[in-house]
Amino acid sequence: MPADVTNKKQVVVIQCDGAVHEVCSGFMCEHAFNARLDAFQGYPEGTRYMSISCGGCPGRATLRKLKNITKNLKKREQREPGDVMVHLSTCITRSSTHGPRCPHIDYIKGQIERAGYDYVEDSRISPIASKRRAEGMYQ
């Protein structure tokens, strides 16, 4: 069952640090968010978007970055983590041309929970990568 996102005011997408440094600009995730496609369906107009990287294996900067977001949300916007939905980007949750599913995904999820945020898996779902996964090209 999809998460209720109708009350969220901010989306934070956590991307694979390796993918960010090597090949991915994050354009397609942001494009999917702006068009409310794939994992971004249901967000109300006015919901803001930002992306961060995990900080490198095993997701070592995830907690620090989310705590920084929490501090700034409270101080500058009087918002709480409950106003935010964290998305684990598809480059973390699924095998693709960027690489295999992140072997540290459970650790990263634990850090998100520890920071007090709700999260869901996925961001943009590439039709080409989905086809290749179904054909067994990606493990």
Side-chain angles (χ1 to χ4, degrees):
M1 176 174 217
D4 180 19
V5 298
T6 57
N7 66 338
K8 301 299 181 182
K9 299 179 178 22
Q10 178 92 32
V11 165
V12 175
V13 175
I14 300 177
Q15 297 174 276
C16 169
D17 193 71
V20 167
H21 284 289
E22 295 170 12
V23 328
C24 186
S25 66
F27 177 87
M28 292 307 294
C29 288
E30 185 177 5
H31 173 78
F33 172 78
N34 288 331
R36 301 302 195 265
L37 301 172
D38 303 327
F40 299 114
Q41 296 177 28
Y43 284 100
E45 193 65 36
T47 304
R48 294 181 0 199
Y49 176 95
M50 71 181 296
S51 65
I52 61 174
S53 78
C54 67
C57 295
R60 62 189 173 155
T62 303
L63 182 60
R64 288 191 307 267
K65 289 180 178 189
L66 291 174
K67 290 288 188 179
N68 178 264
I69 291 170
T70 300
K71 177 184 83 169
N72 284 296
L73 280 174
K74 288 180 179 181
K75 182 178 180 179
R76 302 182 191 297
E77 300 185 4
Q78 295 73 50
R79 291 189 180 171
E80 297 292 327
D83 295 328
V84 177
M85 180 64 78
V86 173
H87 281 253
L88 288 162
S89 65
T90 305
C91 62
I92 290 176
T93 63
R94 300 175 188 230
S95 297
S96 71
T97 189
H98 296 320
R101 176 180 164 92
C102 176
H104 307 292
I105 192 167
D106 291 331
Y107 175 80
I108 295 170
K109 287 178 181 180
Q111 298 305 299
I112 296 166
E113 290 171 356
R114 188 170 166 196
Y117 286 91
D118 296 327
Y119 69 89
V120 294
E121 290 192 16
D122 296 330
S123 53
R124 178 181 185 263
I125 309 297
S126 163
I128 294 170
S130 295
K131 180 180 178 221
R132 290 177 178 165
R133 275 190 290 279
E135 293 170 347
M137 181 179 258
Y138 302 133
Q139 299 304 313

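This chain uses plain numbering: 1 for the first residue, then up along the sequence.
Here His104 contributes atom NE2 and Thr62 contributes atom OG1; the two are 11.0 Å apart, rounded to the nearest 0.5 Å. Considering OG of Ser25 and NE2 of His31, their distance stands at 12.0 Å, rounded to 0.5 Å. Taking CZ from Phe33 and OG1 from Thr47, the interatomic distance works out to 5.5 Å, rounded to the nearest 0.5 Å. Between Asp17 atom CG and Cys102 atom SG the span is 10.5 Å, to the nearest 0.5 Å. Summarising the geometry, atom CD1 belonging to Ile108 is positioned 12.0 Å from atom CZ belonging to Arg60; distances are rounded to the nearest 0.5 Å. Rounding to the nearest 0.5 Å places CZ of Arg79 at 12.5 Å from CG of Asn72.
Scanning for ring-ring contact (aromatic ring centres under 6.0 Å, His included) contacts around Tyr107 gives an empty result, with sequence neighbours left out. Taking the salt bridge (Lys or Arg N to Asp or Glu O under 4.0 Å) definition, one finds that Asp122 meets it with Arg94, sequence neighbours left out. Partners of Asp118 by salt bridge (Lys or Arg N to Asp or Glu O under 4.0 Å), not counting sequence neighbours, listed by chain and number: Lys8.
Looking only at side-chain heavy atoms (C-beta outward), Lys9 and Val84 stay at 4.5 Å or farther from each other. Residues Lys71 and Lys67 are not in side-chain contact: their nearest non-hydrogen atoms beyond the backbone lie 4.5 Å or more apart. Taking 4.5 Å as the limit, some side-chain heavy atom of Gln15 sits within range of a side-chain heavy atom of Cys24. Under the 4.5 Å side-chain criterion, counting only non-hydrogen atoms from C-beta, Glu30 is not in contact with Met50. Looking at heavy atoms from C-beta onward, Gln10 lies out of side-chain contact with Asp83 at the 4.5 angstrom threshold. Proximity of Glu80 to Lys74: side-chain heavy atoms (C-beta onward) are separated by under 4.5 Å at one or more points.
With hydrophobic clusters built from ILVMFWY side chains whose heavy atoms lie under 4.5 angstrom apart, Met85 shares a cluster with Tyr49. Residues Leu88 and Ile52 are members of one and the same hydrophobic cluster, defined by side-chain heavy-atom contacts under 4.5 angstrom among Ile, Leu, Val, Met, Phe, Trp and Tyr. In the hydrophobic clustering of ILVMFWY residues, with side-chain heavy atoms under 4.5 Å counting as a link, Val12 and Ile105 come out together. Placement of Val13 and Val5 within a single hydrophobic cluster is found when ILVMFWY residues are connected by side-chain heavy-atom separations under 4.5 Å, directly or transitively. Placement of Val120 and Val86 in two distinct hydrophobic clusters is found when ILVMFWY residues are connected by side-chain heavy-atom separations under 4.5 Å, directly or transitively.
The stretch residues 64-86 participates, sequence neighbours left out, in no ring pair (Phe, Tyr, Trp, His ring centres under 6.0 Å) pair at all. Note on residues 63-87: pairs passing ring pair (Phe, Tyr, Trp, His ring centres under 6.0 Å), not counting sequence neighbours, are Phe40-His87, Tyr43-His87. For residues 108-117, the pairs satisfying side-chain hydrogen bond (donor to acceptor under 3.5 Å, both in side chains) are Thr70-Tyr117, Lys109-Glu121, Glu113-Tyr119, with sequence neighbours left out.
No donor-acceptor distance shorter than 3.5 angstrom exists from the side chain of Arg101 to the backbone of Ser95, with no hydrogens or angles considered. Using modelled atom types, one side-chain atom of Arg36 and one backbone atom of Pro44 make a donor-acceptor pair closer than 3.5 Å. Looking only at distances, a side-chain donor or acceptor of Ser123 sits under 3.5 Å from a matching main-chain atom of Thr90.
Defined by atom type and a distance below 3.5 Å, a donor-acceptor pair is present between the side-chain atoms of Ser53 and Lys65.
Taking both residues in full, the closest heavy atoms of Cys16 and Ser89 are given as N-OG, 3.9 Å, listed atom of the first, atom of the second, then distance. Across Gly55 and Ala61, no two heavy atoms sit closer than the pair CA-CB, 3.6 Å. For the pair Thr6 and Gly42, the tightest heavy-atom approach, listed with the atom from each and the gap, is CG2-O, 4.0 Å.
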